[in-house]
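Below: one structure, written as structure tokens.
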Amino acid sequence: MTHPLLQKQLRSLNLDTHILPSPDQWQHLLHDVEQAYTEQQHAKETAETANHAKSVFLTTMSHELRTPLAAIIGYSEMLQEQCKEPDLLHLTPKLRQVEGAAQQLLTIINDILDLSKIETGHTDLFYEQFSLPKLIEEVLHTALPLIEKNNNHLELSLSPQIDTIYADQAKVRQILLNLLSNAAKFTRQGKIHLVAQPDTPLQNNRIRLAVSDDGIGMTQNQIQRLFQPFVQVDSSTARKYGGSGLGLAISQKFCQMMGGQITVQSTIGQGTQFTVYLPQTAHLPGENETVPTP
Amino acid sequence: MAKILVVEDNEMLQEILYERLTFRGYQTFLASDGQEGIQMAQEKEPDLILMDMSLPILDGWEATRQLKAAPNTRHIPIIALTAHAFTGDRDKSLAAGCDNYHTKPINFPQLLAQMEILLNP
């Protein structure tokens with residue numbers, strides 16, 4: 001592609017293939033091309049510096065935001081414990097609201113922090129051997145109140161072949177929680193189904209975790225924008241359903257870092273299924289390595 | 001009841017931990033920096049220490065190293081309280097000699113479970 005500046009110059013010179021420019025004109029052209037190139041390099045560097053500064057700022061800010069938030073959560077939990085006397089008991093639901101709102105805010109801040117760490121290449125993976133059924137049990141325990149909030153019920157299909165896995169436990173937990181809470185959020189009076197099994201009998205070094213729901217579903221257009229950070233399928237979704245809109249972008253990145261992937265199938269009005277594929281053993285060399293992200 | 005030493009420089013977090021641990025019957029002591037933490041550990045002989053890592057005067061890593069090097073305090077289990085935002089903190093705390101770590105913000109039931117394991121091995 002010809003640079004716009006060069007195109008303009010060529011037009012002003014009224015160049016065609018039969019008339020060659022004079023040495024002077026060549027000199028001019030060359031100078032303009034060089035100048036355009038320098039300007040473009042400069043703009044690129046400025047943009048990169050700004051992007052890096054943004055990520056560093058987000059990391060620092062997230063940390064600074066978490067400290068006072070930890071105090072809000074801590075005090076409201078402490079007060080709930082201490083308000084057990086009959087004349088103070090009526091305060092408990094209100095304190096629970098304070099704590100709930102603060103926890104919600106904390107989730108959003110954590111998401112922003114995770115994403116900025118991914119962007120600056122500061123995401124560490126801590127590989128360890130752990131029991132996947134035990135992790136699933138723990139995650140379901142956390143997700144159950146959320147699932148039941150919209151009168152949904154949960155079904156679990158755990159293959160007996162699922163046992164230990166060598167991966168980053170915290171990241172797997174976060175991915176599963178994200179998919180389950182999404183399913184819970186976008187489904188009412190329905191079923192949320194979690195399946196854990198080997199990918200296929202032949203591919204038993206890969207684990208397949210599928211979360212499906214019979215909720216509102218998505219259009220093809222919505223699916224395409226799904227994994228982009230800060231994008232919820234439409235802007236009214238955030239108001240209605242809450243969340244940072246970062247969860248899926250983060251889950252996908254985490255999955256890819258561990259050598260896996262996430263796929264999605266959805267039909268509007270019928271439901272959605274997210275499937276996570278993870279290698280059963282580490283796919284990356286060595287342990288606890290910082291994996292640079294693009 | 002078990003004696004717990006909390007080494008934490010954030011006053012609000014100090015108060016929360018003090019109140020909640022006391023509420024559960026633990027005898028709780030507070031220190032605000034690593035230096036004071038070491039001094040209190042020698043004086044009060046706690047059964048367990050909760051140690052923040054980024055502390056003034058003497059940081060949590062160095063305080064842990066010194067406590068684990070001294071004959072009269074090396075047996076005391078230490079749980080590191082580490083910040084989520086800074087990667088490598090948990091590895092660093094284990095390398096310094098901490099027996100376990102807990103990532104802030106504190107999940108109190110989880111922290112209590114970790115404490116119980118170290119208090120009743």
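Numbered from 1 within each chain, the chains take letters A, B, ... in sequence-line order. Computed from heavy atoms alone, side chains included, the values below leave out hydrogens, waters and symmetry copies.
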**Asked** Hey, what do you get for NZ (B/K104) to OG1 (A/T67), rounding to the nearest 0.5 Å?
**Response** 7.5 Å
**Message:** Other residues, nucleotides and ligands only: do more than 12 of their heavy atoms fall within 6.0 Å of CD on B/E11?
**Reply:** no
**Request:** Kindly compute the distance separating CD (A/E81) from CZ (B/F108), expressed to the nearest 0.5 Å.
**Result:** 6.0 Å
**Message:** Minimum heavy-atom separation for A/M78 and B/E19, please, with both atom names.
**Reply:** SD-CB, 3.6 Å
**Message:** Looking at A/Q103, I'd like to know if its CD atom is crowded, meaning that more than 12 non-hydrogen atoms belonging to other residues, nucleotides or ligands lie closer than 6.0 Å.
**Reply:** yes
**Point-to-point distance, once rounded to the nearest 0.5 Å, from CD of A/E77 to CD1 of B/I106** = 10.0 Å
**Prompt:** For B/Y18, does the OH atom have more than 12 heavy-atom neighbours from other residues, nucleotides or ligands under 6.0 Å away?
**Reply:** no
**Request:** Measure the shortest side-chain to side-chain distance between B/P105 and A/L106 over non-hydrogen atoms and say whether it is less than 4.5 angstrom.
**Result:** yes
**Asked** Crowded around A/E137 CD? As in, over 12 foreign heavy atoms under 6.0 Å?
**Response** no
**Request:** Can you establish whether the number of heavy atoms outside B/F23 located under 6.0 Å from its atom CZ is more than 12?
**Result:** yes
**Message:** Quick check for you: to the nearest 0.5 Å, what is the distance between A/Y75 atom OH and B/R20 atom CZ?
**Reply:** 12.0 Å
